[in-house]
Amino acid sequence: IMPLSMLKVGDSAVVSAIKGNDSTKKHLENLGFVANAQITVVSVNGGDMIVKVMESKIALGKDMTTKIIVTPQ
């Protein structure tokens, strides 16, 4: 179990938990980052990431990638 920010391009993982305040958690859940959601890292640029979750590609800032806790696959 580790923060999403530690994954590299091409890595896949499953969402384990979301850290942060209620509004941050709600925002990420609305984007598809819910427990057991499968995600794949599409690109990394200076800590910012584009990840595929469900059938969408989502851009996340470095601050958000540290709040998403994943289990690598």
Side-chain angles (χ1 to χ4, degrees):
I1 294 182
M2 63 178 70
L4 174 60
S5 58
M6 295 184 71
L7 298 183
K8 296 177 178 59
V9 173
D11 287 351
S12 291
V14 172
V15 176
S16 299
I18 305 291
K19 295 196 296 189
N21 62 31
D22 287 343
S23 66
T24 298
K25 289 179 184 178
K26 187 77 175 153
H27 176 66
L28 290 170
E29 286 171 6
N30 288 340
L31 292 174
F33 295 94
V34 295
N36 299 317
Q38 178 78 34
I39 59 174
T40 304
V41 178
V42 177
S43 73
V44 179
N45 182 6
D48 297 338
M49 291 183 151
I50 296 176
V51 298
K52 185 174 180 184
V53 58
M54 299 185 185
E55 294 302 314
S56 301
K57 289 182 181 172
I58 312 252
L60 295 169
K62 187 175 185 177
D63 57 331
M64 287 294 178
T65 64
T66 59
K67 293 179 180 357
I68 301 169
I69 308 303
V70 298
T71 303
Q73 301 260 274

Using residues 3-22 as the side-chain source, report each donor-acceptor pair under 3.5 Å to any protein atom, sequence neighbours left out, with the distance given to one decimal.
{"from": "Asp11", "atom 1": "OD2", "to": "Lys8", "atom 2": "N", "distance (Å)": "2.8"}
{"from": "Ser12", "atom 1": "OG", "to": "Thr40", "atom 2": "OG1", "distance (Å)": "3.2"}
{"from": "Ser16", "atom 1": "OG", "to": "Thr71", "atom 2": "OG1", "distance (Å)": "2.6"}
{"from": "Asn21", "atom 1": "OD1", "to": "Ser23", "atom 2": "N", "distance (Å)": "3.2"}
{"from": "Asn21", "atom 1": "OD1", "to": "Ser23", "atom 2": "OG", "distance (Å)": "3.0"}
{"from": "Asn21", "atom 1": "OD1", "to": "Thr24", "atom 2": "N", "distance (Å)": "2.8"}
{"from": "Asn21", "atom 1": "OD1", "to": "Thr24", "atom 2": "OG1", "distance (Å)": "2.9"}

Atom pairs and distances, donor-acceptor, side-chain atoms in residues 58-67, under 3.5 Å, two or more places apart:
{"from": "Thr65", "atom 1": "OG1", "to": "Lys62", "atom 2": "O", "distance (Å)": "2.9"}
{"from": "Thr66", "atom 1": "OG1", "to": "Asp63", "atom 2": "O", "distance (Å)": "2.8"}

ILVMFWY cluster membership beyond Val42 - transitive side-chain contacts under 4.5 angstrom: Ile50

Nonpolar side-chain network containing Ile1, other nodes, edges under 4.5 Å: Ile69

Contact list for residues 43-60, test side chain to side chain donor-acceptor pair (under 3.5 Å), sequence neighbours left out: none

